[in-house]
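See structure below.
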Amino acid sequence: MEDINNYINSNKDRFINELIELLKLPSISADTAYSHDVLETAKAVEKSLIDAGCDNAEICETKGYPVVYADKIIDPNLPTVLVYGHYDVQPPDPMNLWDSPPFEPVIKKTEKHPDGAIFARGACDDKGQLFMHVKAVEFMIKNNQLPCNVKFMIEGEEEVGSDSLAGFLEANKEKLKNDIILISDTGMISNQNPSITTGLRGLSYVEVEVTGANRDLHSGIYGGAAPNPINVLAKMIAALHDENNHITIPGFYDKVQIISDEERAEMAKAPFDLEEYKKALDIGDVHGEKGYTTTERFGIRPTLDVNGIWGGYTGEGAKTVIASKAYAKISMRLVPNQDWHEITDLFTKHFTSLAPKSVKVKVTPHHGGQAYVTPIDSDGYQAAAKAIEKTFGKSPVPQRTGGSIPIVALFEKVLESKTILLGFGLDSDAIHSPNEHFGVWNFLKGIETIPYFYQYYAEMKA
């Protein structure tokens with residue numbers, strides 16, 4: 001693998017330009033207006049895997065957007081690594097907050113990325129990180145240094161809950177058979193303090209609708225007498241937390257895994273600068289559940305957040321109206337032992353009970369997934385840690401993160417495989433936000449590091 005740096009130096013401009021072309025495709029899975037672009041992106045990913053040297057590559061139809069599958073089998077007796085990623089991206093809204101168009105990638109230097117960062121929707125989540133694997137495998141194949149088999153499964157619905165993937169897994173168990181799953185859809189503490197994600201929170205995502213009168217009403221004639229769904233919804237949402245920011249849903253915490261004081265002390269050793277955190281977010285203070293640190297709040301504790309709220313008149317000027325309906329989208333991040341189906345049911349019952357008789361309430365579940373924890377004593381984790389130490393010059397910190405990748409728990413259930421979460425993004429890369437970006441240094445460091453994972457994992461399984 002010692003030739004990897006020479007290969008990167010000789011090809012880095014090509015790598016970056018190829019990624020930029022991929023980022024130009026607006027593969028927004030949540031909006032049907034972009035269906036053609038999502039399908040075109042699948043074709044582009046398939047081509048990149050063929051160009052990298054995979055023997056087989058195909059676009060596999062599902063009930064939703066297709067899965068791109070590819071493989072390079074050098075010896076059936078050797079271990080097999082399954083690389084998972086997604087080619088779909090989040091909607092770029094609000095557009096006015098982008099400094100440059102989200103699908104016209106530009107490279108700019110930042111404080112965290114002095115070598116430059118690629119600004120575009122999907123740069124870090126997940127096209128840039130997915131493309132690291134494509135280029136790393138390209139290096140290993142073209143230089144005859146692939147030490148084990150590799151398979152790719154790249155989907156187009158991760159940002160909308162991976163609804164089609166469960167059926168695809170069940171129908172393709174033999175095709176997807178592997179010894180370890182490798183994913184780069186997470187981040188690390190910093191470029192100076194590398195980490196490996198060992199835990200993901202689960203997710204329950206719902207939409208709520210509160211209905212008052214059968215039509216919008218004149219606020220002068222009906223105000224004070226007829227129910228105002230927006231006012232009611234605001235009170236109902238406020239009632240979901242108490243004065244200690246504890247979630248009030250009965251039974252919500254019943255199965256939450258209790259982390260020992262010893263483990264919490266170990267987690268606290270991970271580098272974290274609270275003042276820098278507040279400065280980066282431009283906030284006066286942090287906010288969260290009483291009795292827990294900031295890193296614990298986003299790593300080992302469940303949460304409930306409103307992701308969007310609307311109703312009534314929001315246009316320019318004034319319109320004195322009491323809206324007939326009000327809406328909100330709400331996500332709950334869950335921890336090990338909390339089942340997302342059960343939590344969704346608990347939320348629905350409790351939220352409905354908060355409503356006065358003057359309104360009707362509808363709760364619509366959208367998607368969810370279970371939490372996941374990777375054992376740090378496994379061969380996969382040890383190979384990843386050794387690869388990080390090789391290229392970064394220091395051992396990585398195992399870290400639980402607040403994000404969710406719903407498919408990871410399903411992988412273990414259906415494919416009976418453990419997952420290694422080897423991410424190279426930073427918290428400051430603004431994923432899901434305007435001005436998303438991915439450091440050029442991080443992109444190239446990922447390409448450098450991934451081949452060592454294959455080397456060390458193959459050695460451990462020999």
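The structure displayed is predicted, hence computed values, not measured ones. Both backbone and side-chain heavy atoms feed into the values below; hydrogens, waters and symmetry mates do not.
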Plane angle bin for F424 and F392 - parallel if under 30°, tilted between 30 and 60°, otherwise perpendicular: parallel
Please check if the side chain of K445 supplies one atom and the backbone of T391 the other of a donor-acceptor pair under 3.5 Å. yes
Judged by atom type as modelled, is there a donor-acceptor pair below 3.5 Å linking the side chain of D93 to the main-chain atoms of M95? no
In terms of ring plane angle, is the pair H367 and Y205 parallel, tilted or perpendicular, where the classes change at 30° and 60°? parallel
Run the salt-bridge test on K43 and E40 with the 4.0 Å N-O cut-off and return the result as yes or no. yes
What I want to check is whether the side chains of N442 and N191 have a donor and an acceptor closer together than 3.5 Å. yes
Is a side-chain donor or acceptor of R121 paired with a backbone partner of Q90 at a separation under 3.5 angstrom? yes
Between the side chains of R14 and E18, is the shortest nitrogen-to-carboxylate-oxygen separation below 4.0 Å, so that they form an ion pair? yes
Report yes or no: does N244 contribute a side-chain atom to a donor-acceptor pair with the main-chain N or O of K290 at less than 3.5 Å? no
Regarding D339 and K255, does a basic nitrogen lie under 4.0 Å from an acidic carboxylate oxygen? no
Are S35 and Y65 close enough that some pair of their side-chain heavy atoms sits under 4.5 Å apart? yes
So, are E275 and K278 salt-bridged, with charged N and O less than 4.0 Å apart? yes
Starting from the C-alpha separation in whole Å, work towards a yes-or-no answer on side-chain contact (heavy atoms from CB on, under 4.5 Å) for K175 and C60. CA-CA 12 Å; K175 174 183 282 191; C60 305; 4.1 Å; yes
Given 3.5 Å as the limit, does a donor-acceptor pair link the side chain of D126 with the main chain of G85, or not? no
With distance as the sole criterion, is a donor-acceptor pair present between the side chains of Y456 and Q382 under 3.5 Å? no
With side chains defined as the heavy atoms from C-beta onward, is the minimum distance between D427 and Y277 less than 4.5 Å? no
Has the side chain of R297 got a donor or acceptor atom that lies under 3.5 Å from a matching backbone atom of Y292? yes
Under a 3.5 Å distance rule, please check whether D115 uses its side chain to pair with a backbone N or O of V440 as donor and acceptor. no
Heavy atoms only: give me the nearest L203-W340 pair and the separation to one decimal. O-CB, 3.3 Å
Looking just at side-chain N and O atoms, do S164 and E157 make a donor-acceptor pair shorter than 3.5 Å? yes
Any donor-acceptor pair under 3.5 Å from E436 side chain to G122 backbone: yes
With a 4.5 Å heavy-atom cut-off, do H350 and P250 have their side chains touching? yes
Derivation of the side-chain contact (heavy atoms from CB on, under 4.5 Å) call for Y452 and K386: CA-CA 8 Å; Y452 285 105; K386 194 173 178 182; over 6 Å; no
With side chain to side chain contact (heavy atoms under 4.5 Å, CB included) as the test, pick out the partner of S195 among T401, T186, I388, I189. I189
Is the F131 ring parallel, tilted or perpendicular to the F443 ring (thresholds 30°, 60°)? parallel
Looking just at side-chain N and O atoms, do K127 and S27 make a donor-acceptor pair shorter than 3.5 Å? yes
Check for a donor-acceptor pair, side chain of R201 on one end and backbone N or O of G402 on the other, with a separation under 3.5 Å. yes
Nearest heavy-atom pair of I74 and L146: which atoms, and what distance? CD1-O, 3.0 Å
Under the criterion side-chain contact (heavy atoms from CB on, under 4.5 Å), I'd like the reasoning laid out for N149 against Y454: C-alpha separation, chi angles, the key distance, then a yes or no. CA-CA 9 Å; N149 306 310; Y454 283 78; over 6 Å; no
Shortest non-hydrogen contact from S404 to E158? O-OE2, 4.1 Å
Would you confirm whether D345, through its side chain, and E342, through its main-chain N or O, come within 3.5 Å as a donor-acceptor pair? no
Check: H246 ring centroid to Y253 ring centroid under 6.0 Å: yes
Are a donor atom and an acceptor atom from the side chains of E138 and Y7 found within less than 3.5 Å of each other? yes
Any heavy-atom pair between the side chains of M188 and P396 that's under 4.5 Å? no
Is any side-chain heavy atom of I249 closer than 4.5 Å to one of L304? yes
Please tell me if the side chains of L165 and Y84 come closer than 4.5 Å, counting only heavy atoms from C-beta onward. yes
Can you tell if the side chain of K418 reaches within under 4.5 Å of the side chain of T374, non-hydrogen atoms only? no
Taking side chain as C-beta onward, heavy atoms only, is Y457 less than 4.5 Å from L182? no
